[in-house]
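Read through the structure below, which is laid out as structure tokens, and then see the notes.
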Amino acid sequence: MGIIQLANLDFEAHLGGRAVTGDVAVGRQEAASRLFALCGPPHSEVLVSHGHELVPLDAERLRAQARELGFYEPAWCSAAAWNLGARELLAYAQDERAHALARDRKLRAALTSPGVVSAVNSKAWSSRVAREAGLDRDAFSHVRLIHSEQELKDHLKQVPEVLAARWTLKPLLGFAGGGRIGGGAEGMDARHTERFATLLREDGAMLWEPWVEREADFSTQIHVDAVRGVSVLMHGEMLNTTSGRYTGNRSLTAGATAWPTLLRDLEHGARVVGASLQREGYAGVAGIDAFTYRDPLTGALSVRPIVEVNARFTMGLMAGHLANMAMACGTFPPGSSWSFTLDSKHLLGIWQYGPPAAETAG
């Protein structure tokens, strides 16, 4: 039996009991599904999920088009960490739909339990991991789970005034800056009260964080395996809007930040997350978001190596994988710097490459 890829890119929405709606959101999901199809082993069948409906993707045609464009190398796909081992299912995210597909089709699939997957994708989990490792310092030492409006009011009285002046509440499940509620010293705007109550009912809490001036956003991709352990696959820069919405990725190059030990800090954060995922019983790929920022308490530049964890395939991993294949195909010169913009109007998004990436600060 051949390999099946499950492109359940509506994973976060599905976790929160929501559907992906709107032409832009649906278009972005379809564009990302095409990238995921190019991450699997050659000749695998690809099924795209829309809620509980599975729609076949013409993967062979897509791979032929990508190869013609110089972005697909079968041997590179076969050797990818996530494709090693005897399994018949590769899922974008290991949710209960992946388990159902494996069960219904009697596929060999070493899947993590949906309960563990849901838990480690929660911002509450990543916040706890960062705090226990001593990686949330200064302004971010005041991060807290908020369970009620009264708890929010009490917390604002306890934090330094400069942090209470501007802050954000994040849903525990979700991505790309969606669902956030902002506020200031006067508390939460009354127009957000209903949404706040809804999110509390859905997730049980929201994560309070101070608003900071980000310098640059980064992502690290890892693979967790019960036998081979934790492998750090790649680091890259993540391109977001000021509100945190994802737009693309680019290679990590000197000049991305003035922070002197970026690679060492990203590597350490990745190892901390990987070890924590192993203890939880998670196996597979995961992405760790990070950023450098100006700390409002000290005024100094700092790094937050664990912002949140995405225990699934990520755009950073898929973009980095395609960039590596472009270099393997000779489309980009070896060691090139590159940038990727997610754009549903283009088959594989918008790509640019430049001179070889300079050494990044260690």
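Computed from a predicted structure; not experimentally measured.
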Can you find a pair of side-chain heavy atoms, one from L145 and one from E151, that are under 4.5 Å apart?
no

Where is the tightest heavy-atom contact between A102 and L111, given as atom of each residue plus distance?
CB-CD1, 4.2 Å

Could you list the residues that satisfy side-chain hydrogen bond (donor to acceptor under 3.5 Å, both in side chains) with D138, not counting sequence neighbours?
none

Heavy atoms of H99 and T112 approach each other most closely as NE2-O, 2.7 Å

How many angstroms lie between atom CG of L107 and atom CZ of R87, to the nearest 0.5 angstrom?
12.0 Å

Just jot down the side-chain hydrogen bond (donor to acceptor under 3.5 Å, both in side chains) partners of S276, sequence neighbours excluded, or say none.
R279

Applying side-chain contact (heavy atoms from CB on, under 4.5 Å), run through S344 and E30 and close with a yes or a no.
CA-CA 7 Å; S344 60; E30 289 175 350; over 6 Å; no

Given the options W82, Y72, F36, H321 meets ring pair (Phe, Tyr, Trp, His ring centres under 6.0 Å) only with W82

No-hydrogen, no-angle side-chain donor-acceptor test under 3.5 Å, N310 and T314:
no

Taking every heavy atom of H50 against every heavy atom of V55, the minimum-distance pair comes out as CD2-CG2, 3.6 Å

Between P160 and H142, which heavy-atom pair has the shortest distance, and what is it?
CD-CE1, 3.5 Å

Is there a path from I350 to M325 through hydrophobic residues (I, L, V, M, F, W, Y) whose side chains come within less than 4.5 Å of each other?
no

Run the side-chain contact (heavy atoms from CB on, under 4.5 Å) check on I181 and T168 step by step: do they pass?
CA-CA 6 Å; I181 295 173; T168 185; over 6 Å; no

Going through the checks in order, is the side-chain hydrogen bond (donor to acceptor under 3.5 Å, both in side chains) test met by D225 and S231?
CA-CA 8 Å; D225 184 87; S231 303; over 6 Å; no

Min side-chain heavy-atom separation R294-V212 under 4.5 Å:
no

For the backbone of G70 and the side chain of T331, can you confirm whether one donor and one acceptor N or O come within less than 3.5 Å of each other?
yes

Within a strict 4.5 Å, meaning less than it, do heavy atoms of the Y353 and M327 side chains meet?
no

For the CG atom of N8 and the OH atom of Y92, what is their distance to the nearest 0.5 Å?
8.0 Å

Does NZ or CZ of R144 lie under 6.0 Å from the centre of the six-membered ring of W208, at an angle within 45° of the ring axis?
no

Tell me, do L322 and L38 make a side-chain contact under 4.5 Å, heavy atoms counted?
yes

How long is the straight-line distance from CG of L172 back to OG of S122, given to the nearest 0.5 Å?
4.5 Å

Main-chain N/O of L263 paired to E267 side chain as donor or acceptor, under 3.5 Å:
no

Should V285 and Y246 be counted in the same cluster of Ile, Leu, Val, Met, Phe, Trp and Tyr side chains packed under 4.5 Å apart?
yes

Nearest non-hydrogen partners of A256 and E237, listed with the distance
CB-OE1, 3.6 Å

Would you mind reporting whether L152 and W167 have side-chain heavy atoms less than 4.5 Å apart?
yes

Does V227 sit in a hydrophobic cluster with other residues, and if so which ones, taking ILVMFWY side chains as linked at heavy-atom separations under 4.5 Å, directly or through other members?
none

Going by atom types only, do T257 and E215 share a side-chain donor-acceptor pair under 3.5 Å?
yes

Filter on ring-ring contact (aromatic ring centres under 6.0 Å, His included), then keep only pairs touching residues 212-245, sequence neighbours left out; what's left?
none

Indicate yes or no for a side-chain donor-acceptor contact from E88 to the backbone of R108 under 3.5 Å, with no hydrogens or angles considered.
yes

side-chain hydrogen bond (donor to acceptor under 3.5 Å, both in side chains) for S78 and W76? Distances and angles first, verdict last.
CA-CA 6 Å; S78 297; W76 190 274; over 6 Å; no

Please check if the side chain of T193 supplies one atom and the backbone of A190 the other of a donor-acceptor pair under 3.5 Å.
yes

Verify, without hydrogens or angle tests, whether S33 (side chain) and Q29 (backbone) share a donor-acceptor contact under 3.5 angstrom.
yes

Taking the six-membered ring for Trp, are F340 and W351 parallel (under 30°), tilted (30 to 60°) or perpendicular (over 60°)?
tilted

So, the side chain of Y293 versus the backbone of P296: is there a donor-acceptor pair under 3.5 Å, distance only?
no

Taking only residues at least two apart or on different chains, which pairs with a member in residues 297-307 satisfy side chain to side chain donor-acceptor pair (under 3.5 Å)?
D136-R304, E209-R304

How far apart are the C-alpha atoms of L54 and L101, what are their side-chain angles, what is the distance that settles it, and do they pass the side-chain contact (heavy atoms from CB on, under 4.5 Å) test?
CA-CA 10 Å; L54 298 179; L101 182 62; 4.0 Å; yes

Measure from the side-chain N and O atoms of D203 to the backbone N and O of A205, and report whether any donor-acceptor pair falls under 3.5 Å.
no

Just so I know, are the side chains of Q65 and L347 near enough to count as touching, which here means a heavy-atom distance under 4.5 Å?
yes

Taking every heavy atom of G316 against every heavy atom of N249, the minimum-distance pair comes out as CA-ND2, 3.5 Å

Is any side-chain heavy atom of L207 closer than 4.5 Å to one of L169?
no

Just jot down the side-chain hydrogen bond (donor to acceptor under 3.5 Å, both in side chains) partners of W125, sequence neighbours excluded, or say none.
E280

Could you grab the distance from atom CZ of R180 to atom CG of L199, nearest 0.5 Å is fine?
13.0 Å

Between I4 and L47, is the side-chain contact (heavy atoms from CB on, under 4.5 Å) condition met? List the steps.
CA-CA 7 Å; I4 293 178; L47 301 174; 4.0 Å; yes

Going by an N to O cut-off under 4.0 Å, is there a salt bridge joining E45 and R105?
yes

Check for me, please, whether M234 and V307 land in the same ILVMFWY cluster - side-chain distances under 4.5 Å, paths through other members count.
no

Is a donor on one side and an acceptor on the other found under 3.5 Å between the side chain of T220 and the backbone of I288?
no

About how many Å separate CD of E149 and CG of D154, when rounded to the nearest 0.5 Å?
11.0 Å

Mind checking whether L277 and V120 have side chains closer than 4.5 Å, heavy atoms only?
yes

Count I, L, V, M, F, W, Y as connected when their side-chain heavy atoms are under 4.5 Å apart, and connections chain through other members. Are I146 and V143 then in the same cluster?
no

Would you say the side-chain atoms of N83 pair up with the backbone N or O of C39, donor to acceptor, closer than 3.5 Å?
yes

Whether F332 and F71 hold their rings parallel, tilted or perpendicular, with breakpoints at 30° and 60°:
perpendicular

So CG of L239 and CE of M315: to nearest 0.5 Å the spacing works out to 11.0 Å

T241 side chain vs R245 backbone, donor-acceptor pair below 3.5 Å
yes

